[in-house]
Amino acid sequence: MAWKLPFFGFPGLICACLSISVASVIRPVSDTHRSAALELFVPVDGSFRSLEEAYQALRTFQILGLERTYDISHATCPIISEILGSSSKPEDLFHALRVNSILGCQIGTQIFEDVALRLLVGIKEANSLMEFYYSVLSLLYIKQQGSSIVLLDADVIFDSIKAHVQSDGRYRYDSDNAEPSTHAAGIALETLAGVLSLADSHMDQSKIEVVKNDIVKLFDSIKSYDDGTLYFDEKRIGDTEYRAPLATTASVVHGVTAFAAIVSGKLKINGDKLVGLAKFFLSIGVPGRTNDIYIQLDSLSCLENNRISIPLILSFPAAVLSLSSKDHLKADVMTVFGSAAPPLTVNLLQVFGLDSEDIPILENKELQFDPENSIHYLDLLPLKVDVGKYILFFEISLHDPDHLNIYATGGRIKAFFFFTGIIKADKAAVGIFDTDAENAVTLQKLDLSRDNTVSLAANHLKKMRLNFQLLTPLGRTFKPHQVFLKLRHESKVEHIFALESSAGKYKVLLDFLGLVEKFYYLSGRYDIELAVGDAAMENSFLRAIGHIDLDLPGSPEKAACSPPQPIDPYSRYAPKQEISHIFRAPEKRPPQELSFAFLVLTFLPLVGFLIGLLHLGVNLKGFPSSSVPAFCSILFHGGIGAILLIYVFFWLKLDLSTTLEALGLLGVFLIFVGHRTLSHHASTSTKLKTT
């Protein structure tokens with residue numbers, strides 16, 4: 001059956017085949033993040049739009065170990081001083097104090113003590129979770145500046161914050177808001193950790209244990225992806241404000257790591273869950289917004305330095321491997337910021353094909369370690385792995401048992417891989433046969449590793465058959481993503497046929513009797529091409545098979561006409577046909593002797609003029625003797641000579657426009673001097689007659 005599909009050519013076919021669904025490779029923080037931070041965090045006129053944005057920039061640069069290429073202290077420190085000296089809002093004080101904790105403005109000790117006093121008074125009147133958060137965290141920043149800050153009623157504040165907790169570990173923002181929030185849980189845990197840091201005495205251990213149990217309940221609501229990535233998400237309830245998974249997960253990570261850092265003992269959280277959370281932040285890649293890259297890096301920094309378990313990330317430099325190039329499967333194990341991992345072993349537990357996920361293809365292979373490049377690798381060639389998509393399961397084993405209490409390895413790690421290779425086209429043949437003699441047909445063999453020049457001929461009572469087989473490097477039958485046969489008429493009308501696999505072979509049978517209408521009754525030469533493409537094929541091809549001369553019956557009156565061929569929109573920019581100018585033949589000229597004779601005749605009037613002057617006895621007796629009339633006469637005669645000279649130049653090189661322009665200017669001059677000259681002669685003649 002012919003498909004009426006536009007054929008976009010072999011490049012389009014290969015691009016479509018290469019659109020494979022392979023999980024994104026998770027890599028630790030790299031120089032790409034540093035470059036992105038330098039591009040995103042750029043102050044305007046020496047400052048950022050807000051103190052919150054300023055802190056995000058300063059904190060991001062601090063985490064990445066970047067030196068600031070700008071100084072915002074001149075514009076920001078006066079704002080911080082003004083807020084600390086006058087504002088009483090805990091939120092404004094919080095943003096000012098945390099920016100100052102990094103920027104280090106010159107703030108007097110007395111100002112910090114005054115701010116602390118205001119916060120201690122305000123914290124007693126706080127009702128909402130955010131008021132507690134801003135007040136407690138602000139006091140912590142003041143304490144970091146060297147001030148002595150103590151919460152005398154820490155137990156009461158601790159209980160006030162704990163009053164917002166729900167049975168599932170989530171918190172409410174205030175007592176009036178009945179909707180619990182996962183994001184609020186992270187805020188509450190970070191605030192409780194701050195209260196413990198500022199308490200004047202040890203907190204009741206039973207209260208701390210209750211909070212630890214709430215954290216365990218909170219982690220029971222964690223969500224996951226198929227590759228082991230874990231994250232927290234809000235539940236949309238009514239018109240409550242929704243927080244995206246990135247902000248929600250970051251809030252929980254901040255709260256849990258802050259609380260774990262201040263309490264004694266370890267939280268009962270499986271370290272593999274921290275690995276899943278780290279994979280969530282790393283799976284984002286390099287964010288393109290300032291807020292997102294700050295949240296990502298700040299959260300990863302909390303995971304890198306937490307007291308529960310430091311997550312180790314198993315990453316792969318490449319998830320697409322070439323069997324023909326004998327690529328090794330390579331794996332890196334590092335912390336989220338690329339620090340070296342302790343001594344360990346990477347094991348390949350199982351390999352499953354996507355078509356057979358129940359039966360493993362390989363099991364229990366240990367990756368070798370290259371100490372020079374600090375990478376684990378596995379040679380795939382002896383393992384007899386074929387082309388295609390696979391699911392691989394890995395496991396990390398730490399050599400030192402004591403490291404089990406420090407690092408989290410992620411347990412059974414799932415990864416998607418894609419193996420490519422050279423596909424062999426075998427048993428390819430094409431032939432023409434009669435309708436009733438299919439079995440007796442003689443097929444011509446084809447070599448699909450190169451173009452062919454097979455010449456076929458048929459009429460509408462014949463059939464054409466093409467068959468071939470595709471084999472993988474291990475000799476198994478291969479089913480590519482796309483297999484097309486294209487017949488293109490000499491009028492550029494194309495017909496495309498999709499080939500289907502049967503018993504491991506590809507076969508197409510074209511019955512021209514049933515295709516005469518599809519072919520628009522167009523007889524003539526048809527070029528034959530075969531296109532085979534797949535993401536796993538390193539040698540996807542578009543091969544010329546040859547051509548076939550078809551003799552089809554004439555078109556009936558009401559038969560459909562062939563569709564007009566689309567006009568290439570870029571054809572308007574193609575080179576145009578060269579214009580060849582044809583000049584008329586030059587007119588026949590007279591002989592050279594006749595031309596010279598005519599030239600002599602043109603000079604005869606001049607000779608006659610000179611003879612006439614001599615015969616008349618021309619003299620200069622009437623030339624003016626006075627200075628002014630004499631000067632005007634000289635100019636007049638010189639102007640007449642100049643006109644004659646202009647005529648000569650016009651004959652030799654000047655164009656008509658330039659000549660007329662010069663004559664016009666010279667004519668005005670001659671009118672003036674000629675009038676003076678003739679006036680003098682007229683006056684002289686009158687005096688002579690009177691005398």
Side-chain angles (χ1 to χ4, degrees), residues 84 87-98 101 111-218 251-252 254-268 307:
L84 296 181
S87 178
S88 59
K89 293 182 179 180
E91 182 177 0
D92 294 341
L93 296 173
F94 166 75
H95 290 302
L97 287 167
R98 69 173 183 168
S101 66
I111 295 179
F112 285 126
E113 292 179 356
D114 293 342
V115 173
L117 184 60
R118 275 179 274 159
L119 291 170
L120 290 172
V121 173
I123 201 171
K124 297 178 181 179
E125 302 174 357
N127 292 317
S128 68
L129 180 60
M130 296 308 299
E131 289 177 344
F132 283 114
Y133 173 76
Y134 290 133
S135 299
V136 172
L137 269 294
S138 297
L139 291 171
L140 273 179
Y141 285 122
I142 295 176
K143 185 177 181 180
Q144 292 174 3
Q145 298 297 323
S147 299
S148 178
I149 306 297
V150 176
L151 283 179
L152 299 177
D153 49 356
D155 287 339
V156 177
I157 298 174
F158 194 93
D159 293 337
S160 299
I161 298 172
K162 278 285 288 130
H164 295 82
V165 73
Q166 303 298 296
S167 59
D168 57 358
R170 295 185 296 164
Y171 279 71
R172 294 176 299 168
Y173 283 106
D174 55 63
S175 56
D176 296 332
N177 184 6
E179 306 300 341
S181 167
T182 306
H183 184 273
I187 297 293
L189 291 173
E190 191 172 1
T191 308
L192 292 174
V195 172
L196 294 177
S197 300
L198 299 172
D200 61 336
S201 60
H202 293 290
M203 188 69 62
D204 187 356
Q205 189 63 30
S206 61
K207 295 181 180 181
I208 297 177
E209 293 298 326
V210 171
V211 177
K212 289 183 177 180
N213 292 332
D214 292 338
I215 293 175
V216 174
K217 295 177 184 178
L218 184 64
S251 176
V252 174
H254 275 74
V256 171
T257 54
F259 193 81
I262 200 66
V263 299
S264 59
K266 271 199 169 187
L267 300 182
K268 297 179 181 179
R307 288 185 60 247

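All residue numbers in this chain count up from 1 along the given sequence.
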Can you see which heavy atom on [X] is nearest to which on [Y], and at what distance?
X    : Y    : value
A261 : R307 : CA-CD, 3.6 Å
V136 : V195 : CG1-N, 3.6 Å
S197 : L140 : CB-CD2, 3.7 Å
R170 : P180 : NH2-CG, 3.3 Å

In residues 182-194, what donor-acceptor pairs under 3.5 Å come from side-chain atoms, sequence neighbours left out?
residue: H183; atom: ND1; partner: Y173; partner atom: OH; Å: 2.9
residue: T191; atom: OG1; partner: I187; partner atom: O; Å: 2.7

Residues Q166, R172; criterion side chain to side chain contact (heavy atoms under 4.5 Å, CB included); working and verdict: CA-CA 8 Å; Q166 303 298 296; R172 294 176 299 168; 3.1 Å; yes

Side chain to side chain donor-acceptor pair (under 3.5 Å) against K268, all qualifying residues, sequence neighbours excluded: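 If we apply the side chain to side chain donor-acceptor pair (under 3.5 Å) test to K268, skipping adjacent residues, there are no hits.
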
For S264, side chain to side chain donor-acceptor pair (under 3.5 Å) partners two or more places apart: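 Residues passing side chain to side chain donor-acceptor pair (under 3.5 Å) with S264: none at all.
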
Would you compute the distance between atom [atom1] of [X] and atom [atom2] of [Y] and round it to the nearest 0.5 angstrom?
X    : Y    : atom1 : atom2 : result
H164 : L129 : NE2   : CG    : 6.0 Å
L97  : L139 : CG    : CG    : 9.0 Å
I142 : I111 : CD1   : CD1   : 11.0 Å
H95  : S138 : NE2   : OG    : 9.0 Å
S88  : L119 : OG    : CG    : 9.5 Å
R98  : L137 : CZ    : CG    : 9.0 Å

Where at least one partner belongs to residues 113-145, residue pairs that pass ring pair (Phe, Tyr, Trp, His ring centres under 6.0 Å), sequence neighbours excluded: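 Only F94-Y133, F94-Y134 qualify under ring pair (Phe, Tyr, Trp, His ring centres under 6.0 Å).
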
Pairs where residues 113-122 contributes a residue and the test salt bridge (charged side-chain N to carboxylate O under 4.0 Å, His left out) is met, not counting sequence neighbours: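 As it turns out, there is no salt bridge (charged side-chain N to carboxylate O under 4.0 Å, His left out) pair with a partner in residues 113-122 once direct neighbours are skipped.
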
Salt bridge (charged side-chain N to carboxylate O under 4.0 Å, His left out): pairs with one or both residues in residues 145-167, sequence neighbours excluded: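 Found D159-K207, K162-D214.
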
Minimum side-chain heavy-atom gap L151-D200 below 4.5 Å: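 Side chain of L151 against side chain of D200, heavy atoms only: no contact under 4.5 Å found.
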
Beyond-backbone contact of F158 with L196, side-chain heavy atoms, under 4.5 angstrom: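 When only atoms from C-beta onward are counted, L196 and F158 do touch, with a gap below 4.5 Å.
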
Sidechain-backbone polar pair: S87 side chain, K89 backbone, donor-acceptor under 3.5 Å: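 Yes, the answer is positive, given that a donor and an acceptor are paired below the 3.5 Å cut-off.
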
Candidate pair V216 and K212, rule side chain to side chain contact (heavy atoms under 4.5 Å, CB included), full reasoning: CA-CA 7 Å; V216 174; K212 289 183 177 180; 5.9 Å; no

I215 vs V256, side chain to side chain contact (heavy atoms under 4.5 Å, CB included): CA-CA, chis, key distance, verdict: CA-CA 7 Å; I215 293 175; V256 171; 4.1 Å; yes

